[in-house]
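We count residues from 1, following the sequence as given.
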Amino acid sequence: MSDETIACAVCAHVCPRDAFGTSMWKKKKTKAPTCLECVANPGWHETGAEHPALKAKEEDTAAADEAQEDTKEGLAKLAVEDEESQPVEAAVEKEEPKFVKRILKKGDKDTIPKPKDSVKVNYTGKLEDGTVFDTTWKSHKNMHFSLQFKVGTGRVIKGWDECIMTMGVGEKCEVTIEPAGAYGKKGNPPKIPPNATLIFEIELLACGF
């Protein structure tokens, strides 16, 4: 259908080209065009009725608008359903360090232990109230009996493994380890109670031997 509109010479309605039929366009005419409605029903416009061609166009436009709205609503519904059907990723909380380290003496940064390296350390372990529960220092012999183990293999508490793999040989530090990185809810009776935060003074003597 053409978008061209023409005013009828009889009823004066501005109608689409199709409302005038096809025969009148076959030959060039000098007189003003008359719409098909006026040709078929002379005087119909005097009643004030709406032109059928215009009414049909309005109905077509309304139907098209309604169909477009239905399409938009359908697409919106599909988008919501698709979003709801997508798997929801569980929020992954970043694990916080289970220890806090304070360096008392710096060590060699080029000799930091890697997992499964053998290490030798001196240490003293305390509870938060200052009670010593373990140490390599033997006061009656005035010397340390150093501890040796392979780091990162679960031979010691997790906080120790994690802390020692940040130390260089010769470093001495004080490390505070939360229960989750120590003995947890059960503790290690009789010296270490449940949910105990432990404080260690650790000196890394050697690694990789």
Side-chain angles (χ1 to χ4, degrees), residues 69 71-209:
E69 286 300 319
T71 301
K72 288 181 180 179
E73 289 178 5
L75 291 174
K77 184 177 180 181
L78 286 174
V80 171
E81 290 176 350
D82 183 62
E83 183 178 348
E84 291 176 348
S85 66
Q86 295 298 322
V88 179
E89 295 183 5
V92 179
E93 294 184 4
K94 186 177 180 181
E95 186 176 359
E96 295 296 329
K98 296 179 178 61
F99 68 91
V100 176
K101 186 177 79 169
R102 181 168 66 91
I103 296 176
L104 305 177
K105 185 179 74 173
K106 292 183 179 180
D108 183 358
K109 294 181 179 179
D110 294 328
T111 55
I112 295 174
K114 300 182 295 296
K116 296 184 179 181
D117 277 351
S118 294
V119 296
K120 181 188 288 187
V121 300
N122 288 336
Y123 74 91
T124 296
K126 302 177 182 179
L127 301 177
E128 287 185 292
D129 62 5
T131 301
V132 175
F133 60 83
D134 196 12
T135 182
T136 55
W137 175 256
K138 306 304 178 184
S139 57
H140 65 285
K141 292 189 177 182
N142 200 32
M143 63 183 298
H144 278 282
F145 286 81
S146 304
L147 175 66
Q148 297 183 26
F149 63 96
K150 287 188 176 182
V151 71
T153 60
R155 299 292 299 276
V156 294
I157 59 176
K158 188 174 182 179
W160 257 54
D161 271 338
E162 293 178 351
C163 177
I164 290 174
M165 287 190 289
T166 68
M167 299 175 68
V169 172
E171 181 178 324
K172 189 174 185 179
C173 71
E174 180 184 84
V175 58
T176 302
I177 302 176
E178 299 174 3
Y183 294 98
K185 295 179 180 180
K186 294 182 179 180
N188 190 21
K191 293 184 177 180
I192 301 174
N195 293 314
T197 295
L198 307 181
I199 302 169
F200 291 92
E201 187 175 285
I202 303 173
E203 182 179 13
L204 179 59
L205 303 175
C207 80
F209 52 86

- Task: Measure the CG-CD distance between Leu205 and Glu203 for me, rounded to the nearest 0.5 Å.
- Result: 5.0 Å
- Task: Search all heavy atoms of Tyr123 against all heavy atoms of Thr135 and return the closest pair with its distance.
- Result: O-OG1, 3.1 Å
- Partners passing salt bridge (charged side-chain N to carboxylate O under 4.0 Å, His left out) against Lys126 (at least two apart in sequence or in another chain): none
- For Thr131, what residues pass the side chain to side chain contact (heavy atoms under 4.5 Å, CB included) criterion, not counting sequence neighbours? Leu127, Asp129
- For the residue pair Phe200 and Trp160, does the interplanar ring angle fall in the parallel (under 30°), tilted (30 to 60°) or perpendicular (over 60°) class? perpendicular
- List in chain and number order the residues that pass salt bridge (charged side-chain N to carboxylate O under 4.0 Å, His left out) with Asp161, two or more places apart in sequence or in another chain; answer none if no residue qualifies. none
- At what distance, to the nearest 0.5 angstrom, does CH2 of Trp137 lie from CZ of Phe145? 10.0 Å
- Item | Closest contact, heavy atoms only, Ala196 versus Ala182 | O-CB, 4.3 Å
- Between Ile199 and Glu128 the two heavy atoms that sit nearest each other are CD1-CA, 4.2 Å
- Message: Quick check: do Pro179 and Thr197 have side-chain heavy atoms less than 4.5 Å from each other?
- Response: yes
- Using the test salt bridge (charged side-chain N to carboxylate O under 4.0 Å, His left out), find all partners of Lys185 that sit at least two apart in sequence or belong to another chain. none
- Item | Any Ser146 side-chain heavy atom under 4.5 Å of Thr136 side chain | no
- Task: Not counting sequence neighbours, which residues clear ring pair (Phe, Tyr, Trp, His ring centres under 6.0 Å) with Tyr183? List them please.
- Result: none
- Query: How many angstroms lie between OG1 in Thr124 and NE2 in His144, if you round to the nearest 0.5 Å?
  - Reply: 6.0 Å
- Query: Atom NZ of Lys105 and atom CG of Leu204: how far apart are they, to the nearest 0.5 Å?
  - Reply: 10.0 Å
- Note on the structure: Rounded to the nearest 0.5 Å, the CD atom of Gln148 sits from the NZ atom of Lys120 at a distance of 5.0 Å
- Item | Criterion side-chain contact (heavy atoms from CB on, under 4.5 Å) on Ile202 and Met167, from CA distance to verdict | CA-CA 10 Å; Ile202 303 173; Met167 299 175 68; 4.3 Å; yes
- Quick one: list whatever passes salt bridge (charged side-chain N to carboxylate O under 4.0 Å, His left out) with Lys109, sequence neighbours left out. none
- Item | Nearest atoms (heavy-atom pairs only) where Cys207 meets Val119 | CB-CG1, 3.8 Å
- Identify the two heavy atoms, one from Thr166 and one from Lys101, that lie closest to each other, and give their separation to 0.1 Å. OG1-NZ, 3.0 Å
- Query: Between CZ of Arg102 and SG of Cys173, what distance do you get to the nearest 0.5 Å?
  - Reply: 9.5 Å
